[in-house]
Amino acid sequence: MLEFKDTVAEAVADVQDGSTVMIGGFGNAGQPFELIDALLQSGARDLTVVNNNAGQADEGLALLIKEGRVRKMICSFPRQSDSWHFDAKYRAGEIELELVPQGNLAERIRAAGAGIGGFFTPTGYGTMLAEGKETRFLDGKWQVFETPIHADVALIKALKADGKGNLVYRKTARNFGPIMAAAAKQTIVQVSEVVPVGGLDPENVVTPGIYVNTIVKVG
Amino acid sequence: MLEFKDTVAEAVADVQDGSTVMIGGFGNAGQPFELIDALLQSGARDLTVVNNNAGQADEGLALLIKEGRVRKMICSFPRQSDSWHFDAKYRAGEIELELVPQGNLAERIRAAGAGIGGFFTPTGYGTMLAEGKETRFLDGKWQVFETPIHADVALIKALKADGKGNLVYRKTARNFGPIMAAAAKQTIVQVSEVVPVGGLDPENVVTPGIYVNTIVKVG
Amino acid sequence: MAETSTSAVPSGTAQKTSDTPLGRDDLARLVARDIAPGSFVNLGIGQPTLVSNYLTEEQNITLHTENGMLGMGPEAKGDEIDPDLINAGKIPVTELPGASYFHHADSFAMMRGGHLDVCVLGAFQVSAKGDLANWHTGAPDAIPAVGGAMDLATGAKDVYVMMTLLSKDGKSKLVPQCTYPVTGVGCVTRVYTDKAVFLITDDGVRVRETFGVTFEELAELMDVPLR
Amino acid sequence: MAETSTSAVPSGTAQKTSDTPLGRDDLARLVARDIAPGSFVNLGIGQPTLVSNYLTEEQNITLHTENGMLGMGPEAKGDEIDPDLINAGKIPVTELPGASYFHHADSFAMMRGGHLDVCVLGAFQVSAKGDLANWHTGAPDAIPAVGGAMDLATGAKDVYVMMTLLSKDGKSKLVPQCTYPVTGVGCVTRVYTDKAVFLITDDGVRVRETFGVTFEELAELMDVPLR
């Protein structure tokens, strides 16, 4: 049942210790900073976080990692010039890393939302990241078996929601939002604007409200 | 390279005998009648056609079947009150049928466009339509291995195209159009309107022009 | 996907809540009443679509149609008819405020990914284990057609079946084992019939209520052990 | 994905088309000139993004960025900067008329489904068979990061590599076998370097042209047989 919350603290109040949390965003675009800050404040710990990166500078996901709340990262590109908090935890052996090619990350998240139990993809064949994985020759190519990534919670950022929970995004901030919304048991969305039911053109809805549980207006 | 054609005849001129042709539409909604008529006129034969249905009444795909141009149908729902041309050919043993659950049809078409070599799905497990197929227990359920459906040509209908081949659709006429456009080597689109480059909002494009080869305005 | 065990309730205590068997519309009304507020629901094609006539505004139910839409409204009449706006049965329908359109792979991902709360389907047979047979009579000369039936049966959180309890030749369609080709295995959670509502549970088939027959009279009609 | 065999051309006949090695910008200009009109192209991150500076309007090239956009324009400056509009390197960019946005699974489906005509990538090493190594130095203390490199390497119709021919210690980076961990197997079709353009063909490594060296001088620098 869709709920509109007044504060980000209320929006993330039900996130449990030990949860797998998907966090939208590619770099800073689409990263739900306010929800992440609220998650930090909530004290939730022992989290597995799914995000393309592993935090940048001293904000958002980077702080969650710094504070030791993240047990494991599932991501494609942890190492950046400003990923110092992740780097420190990783070198200290205090955080687990599952490194996933970005397309496999996206497709595995999509598979979870779409009810696909696993799929074969050419990406990664013959590389370190496919070591120990099942391979099969299909459609003229060697392919690697990959499995879905499910989550308990998704924290995402959209531009607008209507009263039914339908979402639209803005430019490249769309990125992982729509597929994470479908892959998580509970999807929590921060938006810049809430419009009445009927305020979004049905042709242009990107995430239908069926994938959304909680909405909070931010800023 | 994107081409705009003046007539439907020119648009389908390169379809070869023996091709696999995806045809958009669910019932009549989104069915590209003018392109199908042009394909009939072109004389192309020995076709494998992928469509949700197998033709209705005395128009479109039904006529292609009646005229014996279709060697094999891949579809989910051939039998309808007005599918008499298919029914007659099928009972006479003059057309081959690959019956596919509708969700598998959609997902297999999507897989072809997305470079996925195969996937596991719970749909069809334990049924006649999964007989002889590989099964595996994944995510707590028995699942069936399904493979992509590629095509040489897709004939689809959209509402508008811009000068870059970007497409938008109308209501439930969208249906198979976007996934077929991505799954075929050559995608031929009939539209009601062509607008200049910049005439579609980038946020609302449903099929990016990368998936489109040929556009013809109809009506 | 069997319902949570209700073994705390003594078996065989289902009440006769109507003195007569229920007609199609009364049954549709009952199904509609049982759908939780805020649910996302698919009503398949044919008889189950009657359920939409009895959903109330307060329930705030969103209807899905497999051909790419959430927020489907009632059947279109007169000027409302638009050939680009049809339901899974290819009948012209309308769009409600807050609707959305999506392509076929996205629509079936929604169904197959377990996002629909309830789907309501017709059936030839349902087994005591919740197997569903509703796509093929098995007749050797029949032209098979499956549509989205297998995806709905497998994907929805709850699969409700609406059917008459007895076939034309007087045999129960809720059976120990399906003799028709199945659509899905162990997928049905409830069976709404003219004579009773059945819950398919881990402990077997429980009768929730009966219509025009007593529990004992009902049990006489069927080869399936009832609780 | 090796280039069509060019065995009709006699081997070892590549011309020296520049008296000096090419700088990064000249190399970018050369790559840009070689991309067929109307192509859809991904330029990865880093050095290959220089290619965009030399694409002409007449070429009508559409640039893809993995984070969900076709029709990417030049880097944003001043007031154009929008934190919601960035490229794969997280640099603010602009939107051209006819652009489109899509989510990450759709973006990578586009890459992995073979729809991009060309992608241009940097590399640590390329093997004579077209294996690419560009994501990991293999150093035991390195924090690995792969991003979209493996998807681009595997998915694009043509994979062009741009790199200096020699490493800092003077060794050829076009090698018989990659010693760095590979990104993709047999995926590279062309290698653009400061000293020569190499075509990876079914018949081996062919030199298309050389810069500042003769074919023979080039062959001396490398352990890979050249044609």
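We use all heavy atoms of the structure for the numbers below, so side chains are in, but hydrogens, waters and symmetry mates are not. Protein chains get the first letters and strands the later ones, always in sequence-line order, with residue 1 at the start of each.
The pair B:R174-C:D84 fails the salt-bridge criterion, with no side-chain N (NZ, NE, NH1 or NH2) lying under 4.0 Å from an Asp/Glu carboxylate O. Classification of B:K133 and B:E146 as a salt-bridged pair holds, one side-chain N sitting under 4.0 Å from a carboxylate O.
Using a 4.5 Å cut-off between heavy atoms, B:L97 touches chain C through its side chain atoms alone. Heavy atoms closer than 4.5 Å to chain B are found in the backbone of C:P83, but not in its side chain. For B:R110, the part lying near chain C is the side chain, with the backbone staying farther off; criterion is any non-hydrogen pair under 4.5 Å. Contact of C:S100 with chain B is not made at all, since no heavy-atom distance falls under 4.5 Å. In this structure, chain C has a heavy atom under 4.5 Å from the side chain of B:F86, while its backbone stays farther away. Interface remark: B:R91 contributes side-chain atoms only to the contact with chain C (heavy atom separation under 4.5 Å). Residue C:D106 does not touch chain B at all, counting heavy-atom pairs closer than 4.5 Å. In this structure, the portion of B:V100 lying under 4.5 Å from any heavy atom of chain C is its backbone and not its side chain. In this structure, chain B has heavy atoms under 4.5 Å from both the backbone and the side chain of C:Y101.
No donor-acceptor distance shorter than 3.5 angstrom exists from the side chain of C:T189 to the backbone of C:D158, with no hydrogens or angles considered.
Note on C:G147, C:A109, C:A142, C:P144: by heavy-atom pairs under 4.5 Å with chain B, the leading option is C:G147. Your options are B:E107, B:Q102, B:Q80, and the one with the most heavy-atom pairs under 4.5 Å with chain C is B:Q102. Residue with the most contacts toward chain C among B:S83, B:G177, B:P78: B:P78 (heavy-atom pairs, distance under 4.5 Å). In terms of heavy-atom pairs under 4.5 Å with chain B, the best-connected choice from C:N67, C:V185, C:T65 is C:N67. Between chain B and the residues C:D141, C:T183, C:D82, the most heavy-atom pairs under 4.5 angstrom are made by C:D82. Among C:H136, C:M111, C:E66, the residue making the largest number of heavy-atom pairs under 4.5 Å with chain B is C:E66. Each of B:M180, B:M128, B:K141 has some count of heavy-atom pairs under 4.5 Å with chain C, and the biggest count is that of B:M128. Of the listed residues (B:L105, B:L159, B:N104), the greatest number of heavy-atom pairs within a distance under 4.5 Å of chain C belongs to B:N104. Interface remark: of the candidates B:G103, B:A173, B:G126, B:G103 forms the most heavy-atom pairs closer than 4.5 Å to chain C.
A tilted orientation is assigned to the rings of C:Y160 and C:Y192, their planes being inclined by 30° to 60°. In this pair, C:H104 and B:F176 present their aromatic rings parallel. The plane angle is below 30°, not in the 30 to 60° band.
Cation-pi contact between C:K90 and B:F26: present, with separation from the ring centre below 6.0 Å and deviation from the ring axis of at most 45°.
Taking CD of B:E98 as the reference point, atom CG of B:L129 lies at 10.0 Å (rounded to 0.5 Å).
In this structure the side chain of B:T20 never reaches within 4.5 angstrom of the side chain of B:V153, judged on heavy atoms. Side-chain contact check for B:N28 versus B:Q56: some heavy-atom pair is nearer than 4.5 Å.
If you check the side chains of B:K160 and B:S192, you find no donor sitting under 3.5 Å from an acceptor.
Checked against C:N42 for a side chain to side chain contact (heavy atoms under 4.5 Å, CB included), the options C:L152, C:D151, C:V120 give a single hit: C:L152.
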